[in-house]
Structures are given as C-alpha cells and as structure tokens.
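Reading through the structure tokens given below for one structure.
Note on naming: letters A, B, ... go to the chains in the order of the sequence lines (proteins, then strands), and numbering restarts at 1 for each one. The model shown is predicted, which means the values in this text are computed figures rather than measured ones.
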Amino acid sequence: MSMSQCWCVGLVGSYGSLARFRSISRLLRVNDETVIAASGDYADFQFVKELIEQKVLDDELLVDSHSYSPSSVFSWLTRVLYYRRTRMNPLWNTYLVAGVHEGESFLGQVDLLGVAYESPTLATGYGAYMAQPLLRDAYEKNPAMSGDEAKTLLESCLRVLFYRDARSLNKFEIATVTPDGVTIDQPRAVETSWDIGKMVKGYD
Amino acid sequence: MAAFAVQGVSHQPDWLSAEHSTGTSIMAVEFDGGVVIGADSRTTTGAYIANRVTDKLTPITNQIFCCRSGSAADTQAIADIVKYYLDIHQTELDQKARVKTAASVFREFCYNYRDSLVAGIIVAGWDKYEGGQVYSVPLSGMCVRQPFAIGGSGSTYIYGYCDSQFKYGMSRDECMSFVKHSLALAMSRDGSSGGLIRLAVIEESGVERVVIPGNELPRFFED
C-alpha cells in the first residue's frame, strides 16, 4: 500500500457548454489527514463543504487529539449521499476521498447514487474512460511509485483529458497527502503540443 | 456495453449517440484587397473532442473559401457539392467565379433543404469585380453580405467584443489581429470551441494560411 495519495482536479465550473467560472476550486482539505474532491453540481459541493467544516470544528472543540480519519469521512459521506438518494433529492456529485491514517493510505469514490468503493486508482467523468486505464496500467507496473512519479502520471492523464474533454480547461490543482500532512499545490497548466495541426489540411 | 442505470432507465455516455458537430467559432472580415477568415479546430461528439486539429476553412475555388459550423457531415457534404457546381460554372464561364455566386449556390442548398440541414456557413473570398467580400449563410438559408461575420456556438460570446473592436478601413494585419483575438476569446468560454486557430488571408495574389498553436493563443482575463 502506498504511503501517500496524489491527485488532481480541474478548475472549471461549466453552465452547459459555457465555461462560466474558470478558477473555482473543487478540493476541500478536511484535516491534516484527509482531502476530498468533488465533481458535478458546485452548489451541492458547497453545501457538503459547509456540513463537513462544521463537523470538523465541533470535533476540534472536544480537544481530544482525535480527528476524523479518511475512511470515517468517506463512510459519513456515503451515508449522506445514499440518504438523499432514497429521498429522491440527490446531491448531484461524485466525490473522491483520500488521505493517510496511521501509516495506511485510503482512496475512495462515492457518487450521487450512494455507490461507494475503494481502489488504488480512481477517476471521475471522462477520466473514468480515458485516465483510469492509464492509471491502472502504471500502478500495476509500479505499485510502489514515488510521489513525483505519481504527479507526472497525473499530469499526463490531465493532458489527454484537456485534449479530449470539451468541458475541461488547462488549469488544475494537485493535492498530496502524506503521513506529514496535506499540501495543495498552486493552480497550474500542463504543456500541450499542437504540432500535428500543421500536418492537417482539409478533411479528405 | 458502457452504460449504467439511473432510476431504472439505462444511461449511455453522451459520445455514443451524439452527432459529430463542429461546435465552433468562425469569423471572416473584409479589408481593401481581400478577406481574412478564421476558425477554431474542435469537432465534438457530445462532450468528447473527436478531432482537436480540425480544418474548418474549406476551399471552394482558388480564391473563395467557406467557414463551416454546425453538423460536420452536413457542411462537408454541402461544401463538396458547391465546389463541384462552381468548378463546372468556372469552366463554362471561362473565368474565375464571383464570391457572390458561390454564396448564392450555398444559399440555394441551405434554404431549400433547411429542414434537413444544420449548417451555418460563412462564404468569403476575393474577385476582380467587388474585391474582398464576406457573405453569411446561416441556418435559415438566408444570404447577406457583411463587413465582418461571426458564426458558430462560440460567436455568441463575442458579439459585444466584435461590435466594440471593429472599424471600417482596417488593414490586412489589423484584420488578422481582430480575428485572432476574437476567436481566442470565444474559444476560452465556449466548451464546443477550442484547440488551435486557423487563419487564411485571401487576396488577388492567392491564399496564405496560418496556424496559431493552442499554447500560443492570445490570453485575456482568466479569473
């Protein structure tokens, strides 16, 4: 099991095909051990964000040096999402929950239906079709990859997604969780190549 | 097959059933001595980018081009047919075709078959009678000459910008800059437009084609 998690999220909020908000963050640092990322409805994510932030605050007030572990946050989130689903009023999101607790890393995905599972590699949206095979292949070949190798892998996935997902921007954040804590990097872009464009003329 | 159930109804990913569309941002501007035309390079099937380096600037004759938006299939078919007609027309006339003529042929098709087509076309070129000309042939099948024309889904985001930046009597280079900046703005907001910018300048002497790679586009406020 790897000791840390590394993952990334695009920064765009779309209204249909309009890239309406171009620098919103879809990452939430829950505590020193856990980060969550959301795709789907941004308003619903903000609602969940406020719930979690209040829970973390109330927990800190107990001053017992315990905080929610990644798997606890995941479990809670799954229950909330499934509850809303059964009430036919879902929170229209897919969440990724990641973190490190007592040396063990955790990575899980839960969606608007309450479908929840854990895996060494995860991706939502178009990433599920295009990035997941790349992630799985790299992980199978090198399950003990370093943080830097993981970042490079994520960047190459993001490049493909920027090339092929019409609802993406070349702008993203990467969060890394290690036993030492959480770091969320500054928003960045990937290098892209458009050289093949010069070789194309017409459509025949 | 790739699918999942939501409330008992099977849901397939968008790109399995969506039509190929040149979502698009296209533009053409007249100047004294010719025209500058431009387009983005994205073709989508739903939200999947089927082609990120598409060439939407299609030659109809040596000095007349069209910018295609709407259904990729429809616009390619129409362009091929119009090219064929004009080729015969030029042979019979023993002279280069007028831009107005090309626009007129486009209009015939786009109007008569308008219930079956999704094609928004801008016809632009140079002829010796009226110099540089731009004609818009939108979905309805009407045909109208304009000093500059914008089209495609991305154009909706730049009507204000273009209206504020356009001036009569712009030079060749000013027109290229105008097209480049307008399209870059459209591409940065419209999900159905993107990739690189293709420009073409059509004058009496011929056609010059330019490619601006996706990582060298003009940049504006980015939030």
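Each of A:D204, A:D165, A:D195, A:N170 has some count of heavy-atom pairs under 4.5 Å with chain B, and the biggest count is that of A:D165. Ranked by heavy-atom pairs shorter than 4.5 Å toward chain A, the options B:S188, B:S193, B:A79 are led by B:S188. Interface summary for chain A: among B:T58, B:V211, B:N215, the most heavy-atom pairs under 4.5 angstrom belong to B:N215.
Only the backbone of A:S193 has a heavy atom closer than 4.5 Å to any heavy atom of chain B. Looking at A:T192, both its backbone and its side chain come within 4.5 Å of chain B, counting heavy atoms on both sides. Of the two parts of B:N51, only the backbone, made up of N, CA, C and O, holds a non-hydrogen atom closer than 4.5 Å to a non-hydrogen atom of chain A. Heavy-atom distances place the side chain of A:Y126, and not its backbone, under 4.5 Å from chain B. Contacts between A:M199 and chain B at a heavy-atom distance below 4.5 Å are absent for every atom of the residue. Proximity to chain A (any heavy atom under 4.5 Å) is shown, for B:T156, by neither the backbone nor the side chain.
Counting only distance, with no hydrogens or angles, the side chain of B:R198 and the backbone of A:G197 share a donor-acceptor pair below 3.5 Å.
The number of heavy atoms from other shown groups lying within 6.0 Å of NZ (A:K201) does not exceed 12. A 6.0 Å sphere centred on OH of B:Y159 holds more than 12 heavy atoms belonging to other residues, nucleotides or ligands. Heavy-atom contacts from other residues, nucleotides or ligands closer than 6.0 Å to OH of B:Y161 number more than 12. When the shell of 6.0 Å around CZ of B:F166 is examined, it contains more than 12 heavy atoms from other residues, nucleotides or ligands.
Contact check for A:R167 versus B:Y48: no side-chain heavy atoms found under the 4.5 Å cut-off. B:E216 is not listed as a side-chain neighbour of A:W194, based on a closest heavy-atom distance of 4.5 Å or more. Under the 4.5 Å side-chain criterion, counting only non-hydrogen atoms from C-beta, B:T44 is not in contact with A:R164. In this structure the side chain of A:Y203 never reaches within 4.5 angstrom of the side chain of B:D55, judged on heavy atoms.
Minimum heavy-atom separation, A:F162 to B:I49: O-CD1, 4.1 Å. The two residues B:V53 and A:V200 have their closest heavy-atom pair at O-CG1, 3.6 Å. Here the shortest heavy-atom pairing between B:E222 and A:K171 reads O-NZ, 3.3 Å.
Between atom CZ of residue B:R189 and atom OG of residue A:S17 there is a gap of 12.0 Å, rounded to the nearest 0.5 Å.
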